[in-house]
Amino acid sequence: MEEKLRIIISGGGTGGHIFPAVSIANAIKEQHPDAEILFVGAEGRMEMQRVPAAGYKIEGLPVSGFDRKNMLKNFAVLYKLAKSQLKAYSIIKKFKPHAAVGVGGYASGPTLKMAGLMGVPTLIQEQNSYAGVTNKLLAKKAKRICVAYDGMERFFEKEKIILTGNPVRQGLVNNKITREEGIDSFHLDSSKKTILVIGGSLGARTINQCIMANLKRIKENNIQFIWQTGKIYFEQAQQEVKKYGDLPLYVTDFISSMEHAYAAADLVISRAGAGSISEFCLLGKPVILVPSPNVAEDHQTKNALALVDKSAALYIKDSEAIDKLVDAAMDAIGNEQLLKELSENIKKLAFPNSASIIAEEVYKLANEYRKKNGN
Ligand SMILES: CC(=O)N[C@H]1[C@@H](OP(=O)(O)OP(=O)(O)OC[C@H]2O[C@@H](n3ccc(=O)[nH]c3=O)[C@H](O)[C@@H]2O)O[C@H](CO)[C@@H](O)[C@@H]1O
């Protein structure tokens, strides 16, 4: 009898890697309800909470990133990497996956490397328009590479690439939450225009500074805000907000129900993380992008410009945000025609079936392996 499908999914560090992973897992479960899925993440990172919250088991590796500034610290990193590879080996030996999926982030390095060495077929998913270091290293052994942008042959072998787009959590798309319900859930007023401010899964310092510098103006205006600060900036933001008494604003460190936030928003201000962008495309959200300048190879600017070139988003440089961002948002939200055009144009860039296409590819690899190995 054919054994149950067993798949390892590995990676994480930030929402941008974790949520596509969860979405791929959901699609595999939808297509093969009795499949067993095991996540492998990095100890102490966000995935160790978010993955169990999504209903999946996860094992942690003691892995961490290389310090590009202090080379001495990297001895400890190398030691942890070796330990992680050993642990990945024993996880794979015990779980016996038929395929392994890597979504980028620290843990996917040792896990997919070991899977490859042990003969398990691997698939990697690259979210950005610029390939990450881990994925570039893993690509050599990978059987398939699922990407979200054109032109990725710069980094990967052409024959392995499939343009699938980034998988988005299923609940974000398949819901019937109305604008009013969304706004109510943040205790705001549905007769007012609403701007959603998000800084990626960790929050964005510059965007937060822009909002803090404009609280007086927000108080005097007829526009309301849902503002996600990220964990490390939350306390300061809360203190600032308190100084102004009653503000048309809901502030939080992290939004658990992005479906409500998106339903509420007439306009979004955001970093240009690849996962967030895929969500804006699917939901047709008008957005002002402020790419983070602190990411590898400035890939968020590249993500953003791919949209700006198609008149599908507005764009403000991080260095100019303090002077321009809030003005631009206030102008845009008053311009119905612009909002409509942005929404129509960004929708054209959506990949609605990304997770199920990737799940089908994972199944093909796993099935070939099962047949070849008689299990
Ligand atoms: C600083 C950094 O390294 N950023 C990278 C990280 O971004 P980051 O982790 O911010 O990821 P994305 O912008 O891709 O996705 C953020 C995800 O978090 C969700 N969300 C966000 C805020 C919130 O309060 N609640 C919530 O659920 C969003 O709906 C989205 O699903 O991974 C992305 C994908 O590889 C990269 O493109 C980014 O450059």
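When a ligand or atom number is given, it counts from 1 through the structure's own listing order. These numbers come from the heavy atoms of this one structure, side chains and all, not from hydrogens, waters or symmetry mates.
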Next item on the list: Starting from atom 14 (O) of ligand 1, find the nearest protein heavy-atom neighbour and note its residue, name and distance.
Entry: G275 N, 2.6 Å
Notebook entry, point to check: Which ligand 1 atoms does N303 reach within 4.0 Å, using its non-hydrogen atoms?
Noted result: 37 (O)
Check: What residue and heavy atom of the protein are closest to atom 18 (O) of ligand 1, and at what distance?
Finding: F19 CE1, 3.4 Å
Notebook entry, point to check: Under 3.5 Å, is there a donor-acceptor pair linking the side chains of N175 and E259?
Noted result: no
Note to self: Regarding ligand 1, does A274 bring an N or O atom to under 3.5 Å of one of the ligand's N or O atoms?
What the structure shows: yes
Checklist line | Donor-acceptor pair between D298 and T301 side chains, under 3.5 angstrom | finding: yes
Item checked: Ligand-side contact atoms (ligand 1) for residue partner R169, heavy atom cut-off under 4.0 Å -> 19 (C), 27 (O), 28 (C), 29 (O), 31 (O)
Checklist line | Those atoms of ligand 1 less than 4.0 Å from some heavy atom in H299 | finding: 36 (C), 37 (O), 38 (C), 39 (O)
Notebook entry, point to check: Nearest protein heavy-atom contact for atom 38 (C) of ligand 1: which residue, which atom, what distance?
Noted result: Q300 NE2, 3.3 Å
Item checked: ligand 1 contacted by L172 (non-hydrogen, < 4.0 Å) -> no
Notebook entry, point to check: With respect to atom 23 (C) of ligand 1, which of F254, F280, W227 exhibits the smallest heavy-atom separation?
Noted result: F254
Note to self: Counting only heavy atoms closer than 4.0 Å, does ligand 1 sit against the backbone of R271, its side chain, both, or neither?
What the structure shows: neither
Next item on the list: Compare E259, Q127, K231, M46 and give the one whose heavy atom is closest to atom 35 (O) of ligand 1.
Entry: Q127
Notebook entry, point to check: Got an N/O contact under 3.5 Å between G16 and ligand 1?
Noted result: yes
Note to self: Determine whether the aromatic ring centres of residues F155 and Y130 are separated by less than 6.0 angstrom.
What the structure shows: yes
Next item on the list: Heavy-atom contacts with G15 under 4.0 Å: which atoms of ligand 1 show up? List them by number with element.
Entry: 9 (O)
Notebook entry, point to check: Is the gap between the ring centers of Y363 and H32 under 6.0 Å?
Noted result: yes
Notebook entry, point to check: Any side-chain donor-acceptor pair under 3.5 Å between T206 and D318?
Noted result: yes
Margin query: For atom 16 (C) of ligand 1, tell me which residue out of S129, S23, P20, S276 has the closest non-hydrogen atom.
Written below: S276
Check: Considering only the protein, which heavy-atom contact is closest to atom 37 (O) of ligand 1, and what is its distance?
Finding: N128 OD1, 2.4 Å
Item checked: Where M152 and N128 come nearest, the two heavy atoms and their spacing -> CE-O, 3.4 Å
Check: Do E240 and Q236 have side-chain N/O donor and acceptor atoms under 3.5 Å apart?
Finding: no
Check: Can you tell me if Y56 and N26 form a side-chain donor-acceptor pair at under 3.5 Å?
Finding: yes
Checklist line | Top protein contact for atom 28 (C) of ligand 1, by heavy-atom distance | finding: E279 OE1, 3.4 Å
Margin query: Assess, by modelled atom type and distance only, whether the side chains of N367 and R370 contain a donor and an acceptor separated by less than 3.5 Å.
Written below: yes
Item checked: Taking atom 10 (O) of ligand 1 as the reference point, the nearest protein heavy atom with its distance -> S201 N, 2.8 Å
Next item on the list: Give the numbers and elements of all ligand 1 atoms closer than 4.0 Å to a heavy atom of I255.
Entry: 23 (C), 24 (O), 25 (N), 26 (C), 27 (O)
Notebook entry, point to check: Between V168 and ligand 1, which part of the residue brings a heavy atom under 4.0 Å of the ligand: side chain, backbone, both or neither?
Noted result: neither
Next item on the list: Classify the contact between V295 and ligand 1 as side chain, backbone, both or neither, using a heavy-atom distance cut-off of under 4.0 Å.
Entry: side chain
Notebook entry, point to check: Does a donor on one side chain sit under 3.5 Å from an acceptor on the other, for D253 and T229?
Noted result: no
Item checked: H17 side chain to Q127 side chain, donor-acceptor N/O pair below 3.5 angstrom -> yes
Check: Cation over ring, R50 on F254, under 6.0 Å and within 45°?
Finding: yes
Notebook entry, point to check: If you measure only the distance, is there a donor-acceptor pair under 3.5 Å linking the side chains of N135 and E126?
Noted result: yes
Margin query: Please classify the T14 to ligand 1 contact at 4.0 Å (heavy-atom distances, strictly less than): side chain, backbone, both or neither.
Written below: both
